[in-house]
Asks: 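Just passing along the structure, written as structure tokens.
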Amino acid sequence: MSANLFEGALTERTIFKDLTVLSPHYVPEALPHRSEEVKKVVKALAPILRGEKPNNVFVYGKTGTGKTSVIKHVIRHLTEAANAEKSTTDIGIVYMNCRIGFNSKYQVLLKIVEDPYLNRPDHKERPLDGRTQMKLAGMSPTDLYKRLRKTVEANGIGLVIVLDEVDMVKDVDELIYLLTRINDEIEQVEKDGQKKLGRVVIIGITNSFSFKDKLDPRTKSTLCEEDMVFRPYNADELSTILEERIKIGLKSGVIAESNVALIAAYAAQTNGDARYALRLLQKAGEIAQKESRDRIKKEDVIAAKTGVEEDITFELVTTLPEHQQIVLYAIAELLIQGGNYKRLADMPPDILFSGEAYEGYEKACKALNRTPRTMRWFREYLNDLEMLGLVTLSVSGKGVRGNTSIIRLGSPPAEVKRILQHSLGLK
DNA sequence: CCTCCACAGGAAGCGCAGGAGT
DNA sequence: ACTCCTGCGCTTCCTGTGGAGG
């Protein structure tokens with residue numbers, strides 16, 4: 001707890017030069033180790049500048065592998081190329097993250113139709129022509145579609161639609177079908193003395209491995225005309241990424257090469273996530289800065305790692321549904337107490353059986369004045385928690401009570417308990 | 001070997017809230 | 001503003017698996 005709310009603002013900036021460079025949203029000028037991917041996307045989109053049909057692009061990769069950055073980077077260059085003087089094509093780009101407010105075909109369509117580019121005054125057939133937002137919100141998807149098609153057609157627009165986290169859209173199949181259908185229905189028009197043909201191209205981004213399989217086969221073949229997988233970065237690659245950012249984001253000479261390598265190694269262990277690496281770097285810098293030092297030490301990196309891990313668990317745990325929190329709390333509590341079953345002789349102290357865990361959960365519910373869920377649902381909770389990496393489950397080996405799960409906690413029990421006591425309002 | 005225990009996880013169904021369609 | 005539908009969280013019921021004990 002800081003003594004003064006503005007304490008952070010007062011400490012001298014000994015480490016950082018430009019913090020925005022470390023933010024996950026920052027798209028650098030150069031993208032190390034992703035030049036092949038950039039080339040591929042450029043190749044897929046390039047035809048749009050010649051008024052031809054580009055390929056739809058589908059991008060898959062885990063978090064922090066540079067998917068969004070690559071796409072945004074290419075998009076930036078595409079806009080520049082389209083605005084260059086000799087260019088005669090109209091290129092519109094709509095980017096949206098489907099998780100945040102655009103999780104249905106209707107909302108996606110609305111967002112596209114509201115885009116300022118499509119409603120530019122020098123366009124004819126603007127989608128919002130003579131309409132207020134209120135009226136627009138009452139329109140059916142079919143009307144929205146018609147308006148969009150008309151605008152694209154009348155102005156010969158090459159429209160690039162980027163759907164980030166596209167797996168969040170409930171009716172993706174219909175959405176993709178609708179958007180690609182535009183290409184089949186529109187006709188060539190004359191505008192400014194030139195023949196023009198509008199085009200729509202979709203770029204889908206996801207980190208869900210199973211997403212592709214859930215798609216309708218037809219959607220799959222249209223959306224994935226050009227599909228690419230982003231591999232996680234290895235430690236060396238992460239090092240160069242960090243070095244690039246350090247050059248612009250940090251003051252010179254504040255961190256030794258060996259410590260950058262350490263951060264990279266930590267992040268490489270955690271799925272090769274560049275975002276995580278940057279977070280570690282930032283945290284290490286903050287720790288050094290707090291102590292008014294002008295160099296990041298190895299100890300700072302190590303402390304940053306535990307700090308960031310704690311932050312992640314905290315965020316994960318506190319946003320959990322109540323009963324999952326109770327389950328986790330019960331597990332932590334039982335592990336601290338050493339369980340309530342007769343322990344087997346050679347049984348390690350850091351594990352629990354699901355049966356005793358359920359009893360602990362029932363007890364915790366009683367203490368909190370909640371009605372416990374059934375055993376069946378409790379198992380679902382456990383599986384959910386495993387998905388999030390908060391617990392690990394394994395089947396019991398030989399010699400122990402038939403079929404039962406062995407539960408281990410992903411983080412130190414005392415830490416989990418502390419977080420949950422607060423979050424659940426326990427003394 | 002048979003039965004019982006302790007558990008895993010699939011299938012069906014239920015009540016509810018909120019969104020879509022009219 | 002109306003119903004209708006659908007997804008979600010959950011319970012109930014059930015089948016299957018493997019150890020323990022008679």
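Within every chain, numbering begins at 1; the chains are lettered A, B, ... in the order of the sequence lines, protein sequences first and strands thereafter. Side chains are part of it too, since the values below use all heavy atoms of this structure and drop only hydrogens, waters and symmetry mates.
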Asks: Output the rounded distance in Å from CG (A:Leu393) to C1' (B:dG9).
Replies: 13 Å
Asks: Among the nucleotides B:dG10, C:dT11, B:dC7, which one has an atom lying closest to any side-chain atom of A:Met375?
Replies: B:dC7
Asks: Kindly indicate whether a cation-pi arrangement holds for A:Arg34 with A:Tyr233, taking the cut-offs as under 6.0 Å to the six-membered ring centre and within 45° of the axis.
Replies: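 Output yes; distance and angle both within limits.
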Asks: Provide, to the nearest angstrom, the distance between the CG atom belonging to A:Leu352 and the P atom belonging to B:dC7.
Replies: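 Taking atom P of B:dC7 as the reference, CG of A:Leu352 is at 12 Å.
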Asks: Decide whether A:Thr392 and A:Glu386 meet the rule of one side-chain donor and one side-chain acceptor closer than 3.5 Å.
Replies: no
Asks: Any side-chain N or O of A:Trp377 less than 4.0 Å from the OP1 or OP2 oxygen of C:dT11?
Replies: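 Looking at the OP1 and OP2 atoms of C:dT11, neither is under 4.0 Å from any side-chain N or O of A:Trp377.
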Asks: Tell me, for nucleotides 16-22 of chain B in 5' to 3' order, what letter each nucleotide earns: B for a base near a protein heavy atom under 4.0 Å, S for only sugar-phosphate near one, - for neither?
Replies: -------
Asks: Reckon A:Phe378 touches a base, only the sugar-phosphate, or nothing at all at heavy-atom distances under 4.0 Å?
Replies: nothing
Asks: Donor-acceptor check, side chain of A:Ser35 to backbone of A:Leu31, threshold 3.5 angstrom: yes or no?
Replies: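 No, A:Ser35 side chain to A:Leu31 backbone: no donor-acceptor pair under 3.5 Å.
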Asks: Could you give all pairs that pass the side chain to side chain donor-acceptor pair (under 3.5 Å) test and reach residues 265-278 of chain A, with sequence neighbours left out?
Replies: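 Applying side chain to side chain donor-acceptor pair (under 3.5 Å) to every pair that reaches into residues 265-278 of chain A, excluding sequence neighbours, yields nothing.
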Asks: Would you kindly compare A:Ser354 and A:Arg376 by the position of their nearest DNA chain B nucleotide and give the one closer to the 5′ end?
Replies: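 That would be A:Ser354.
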Asks: Over how many whole Å does the gap from A:Arg379 atom CZ to B:dG10 atom C1' extend?
Replies: 11 Å
Asks: Whole angstrom is fine here: how far is it from CD in A:Gln324 over to P in C:dG9?
Replies: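 After rounding, the gap between these two atoms is 9 Å.
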Asks: Measuring to OP1 and OP2 of C:dC10, would you say a side-chain N or O of A:Arg373 lies under 4.0 angstrom away?
Replies: yes
Asks: Mind listing the side-chain donor-acceptor pairs of residues 196-206 of chain A below 3.5 Å, one per line with the distance, residues two or more places apart or on another chain?
Replies:
| from | atom 1 | to | atom 2 | distance (Å) |
| --- | --- | --- | --- | --- |
| A:Lys196 | NZ | A:Thr88 | O | 3.3 |
| A:Thr206 | OG1 | A:Asp167 | OD1 | 2.8 |
| A:Thr206 | OG1 | A:Ser208 | N | 3.0 |

Asks: Does A:Thr374 place a side-chain N or O at less than 4.0 Å from the phosphate oxygens OP1/OP2 of C:dC10?
Replies: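 It does not, given that no N or O in the side chain of A:Thr374 lies less than 4.0 Å from OP1 or OP2 of C:dC10.
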Asks: Specify the separation, in whole Å, of atom CD1 of A:Ile406 and atom C1' of B:dA6.
Replies: 14 Å
Asks: Separation of A:Leu382 atom CG from B:dA8 atom P, in whole Å?
Replies: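 In whole Å, B:dA8 P and A:Leu382 CG are 8 Å from each other.
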Asks: How close or far is atom C1' of B:dC7 from atom OH of A:Tyr361, stated in whole angstroms?
Replies: 18 Å
Asks: Less than 4.5 Å apart, any side-chain heavy atom of A:Thr79 and any of A:Ile93?
Replies: yes
Asks: To the nearest angstrom, how far is A:Tyr381 atom OH from B:dA8 atom P?
Replies: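 It is 16 Å, rounded to the nearest whole Å.
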Asks: Between the side chains of A:Glu185 and A:Arg181, is the shortest nitrogen-to-carboxylate-oxygen separation below 4.0 Å, so that they form an ion pair?
Replies: yes
